[in-house]
2 protein chains.
Amino acid sequence: MRGDSRLSRMLHVLIHLERGGGPMTSEMIGRMLNTNPVVVRRTMAGLRERGYVQSEKGHGGGWTLARPLDKITLLDVYEALDRPELFCLVPSSDHAECLVEIAVNDALDKTRREAEELLLSRFATIRLSQIADDFETKVAALAR
Amino acid sequence: MRGDSRLSRMLHVLIHLERGGGPMTSEMIGRMLNTNPVVVRRTMAGLRERGYVQSEKGHGGGWTLARPLDKITLLDVYEALDRPELFCLVPSSDHAECLVEIAVNDALDKTRREAEELLLSRFATIRLSQIADDFETKVAALAR
DNA sequence: CGATCTCGCAACAAGTTTTGTTACATGTCT
DNA sequence: AGACATGTAACAAAACTTGTTGCGAGATCG
């Protein structure tokens, strides 16, 4: 499996949490994501620590939203996952003292930082409620 | 080893090729990159196919630039490496039929495409000769 | 012409990272 | 008490990239 789909998966879960009637157990979520409950708990731990979801033990327990989707941005979720790497292309560090290598990495880093700034600033403006609304629109279009 | 440093490494090599007097063997390049000759040949094969470098066998053989650095852009090298993945964050495909998942992936894809366009358009404007010039500037600064 | 050098390529080994799994402890509800 | 459900640590498995070995072919030198 190449690439990190945790961000996408967590958004998926959060929107389902809002729509579903009650708490979802890790096992239900695991089935939804084609994975297993422990992986779900592991991944969602960061969201719990930051107060976006909460988890309850025992009968009727499971995961619930701890704040409405319009109070959570894509950036929030990204950070709750501990800011995973955005880019696959990384600088080489074969001969850190080589000035050619330094010049190359400076050039690459400059464009990387630009792209990172663009991505994160976009993330900050996107609320999960907007994505949920997009979903509603799709459903309405299908119903017609 | 996480991440792909081939782009950085190939830029490094190309600039050294221009500066070095004659051809560089895969073994010399391998020592420079802290890797071995086969990996060098494997990685540089794409550059040869596109005519940015050429390789000669036998005594005095090795790799040489096939065109000047101001005729090669960062995008050219990126494409010669078969356009490796730029982003680590990928869409999930757990339940391709789930409209929530589709809405999530659409949202992520939109920002991803923006960032990709930014990166590749920057790549297209950066000539390797510019990076080599940056290097010269660094050297001059040190010499003072 | 033979020796040496060098690349080309395929097949395999090793290493790394992520994900999946098992096991057990803790807390909660009926 | 018993059934649920999460929390966490330790371990196993899978996937992917890089590294390595081996052999073949072409080029140069003496």
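Numbers restart at 1 for each chain; the letters A, B, ... are given by sequence-line order, proteins then strands.
Within a 6.0 Å sphere centred on CZ of A:Arg48, heavy atoms belonging to other residues, nucleotides or ligands number more than 12.
Heavy-atom minimum distance, A:Pro91 versus A:Asp109: CG-OD1, 4.5 Å.
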May I have the list of side-chain donor-acceptor pairs in residues 11-20 of chain A shorter than 3.5 Å, sequence neighbours left out?
residue : atom : partner  : partner atom : Å
A:His12 : NE2  : A:His16  : NE2          : 3.1
A:Arg19 : NH1  : A:Glu136 : OE2          : 2.5

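Listed by residue number, there are no residues of residues 21-30 of chain B with a heavy-atom contact under 4.0 Å to DNA chain D. Contacts of residues 75-89 of chain B with DNA chain C (heavy atom under 4.0 Å): none.
Rounded to whole Å, atom C1' of C:dG27 lies 15 Å from atom CD of A:Gln54. For A:Trp63 and D:dC4, the CH2 to C1' distance is 15 Å, given to the nearest whole Å. Atom CD of B:Glu49 and atom C1' of C:dG8 are 12 Å apart (whole Å). Rounded to whole angstrom, the span from the CZ atom of B:Arg9 across to the C1' atom of D:dT17 amounts to 11 Å. Spacing between atom CE of B:Met44 and atom P of C:dT6 amounts to 15 Å, rounded to whole angstrom units. Rounded to whole angstrom, the span from the CG atom of A:Asp4 across to the P atom of C:dT18 amounts to 8 Å. In this structure, A:Leu33 places its CG atom 19 Å from P of C:dT18, rounding to the nearest Å. For the pair A:Arg6 CZ and C:dT18 C1', the computed distance is 9 Å after rounding to whole Å.
Between B:Arg31 and B:Glu27 there is a salt bridge, with a side-chain nitrogen of the basic residue lying less than 4.0 Å from a carboxylate oxygen of the acidic one. Ion pairing between B:Lys138 and B:Asp134 fails under the 4.0 Å rule for side-chain N and carboxylate O. The pair A:Asp94-B:Arg9 counts as a salt bridge, with a side-chain nitrogen and a carboxylate oxygen less than 4.0 angstrom apart.
Annotation for A:Leu118: hydrophobic cluster partners, listed by chain and number, are B:Leu118 (ILVMFWY side-chain heavy atoms under 4.5 Å, direct or chained).
Side chains of B:Asp76 and B:Thr73: a donor on one and an acceptor on the other come within 3.5 Å. A donor atom on one side chain and an acceptor atom on the other are not found under 3.5 Å apart for B:Thr64 and B:Glu56.
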Note to self: Please determine whether side chain to side chain contact (heavy atoms under 4.5 Å, CB included) holds for the pair B:Trp63 and B:Arg41, giving the CA-CA distance in whole Å, both sets of side-chain angles, and the decisive distance to 0.1 Å.
What the structure shows: CA-CA 10 Å; B:Trp63 299 87; B:Arg41 292 184 195 119; 4.2 Å; yes
Next item on the list: List the protein contact pattern of nucleotides 20-30 of chain D with one symbol per nucleotide (5' to 3'): B for base contact, S for sugar-phosphate-only contact, - for none; contact means a heavy-atom distance under 4.0 Å.
Entry: BB----BBBS-
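Under the ring pair (Phe, Tyr, Trp, His ring centres under 6.0 Å) criterion, B:Phe87 pairs with A:Phe87, not counting sequence neighbours.
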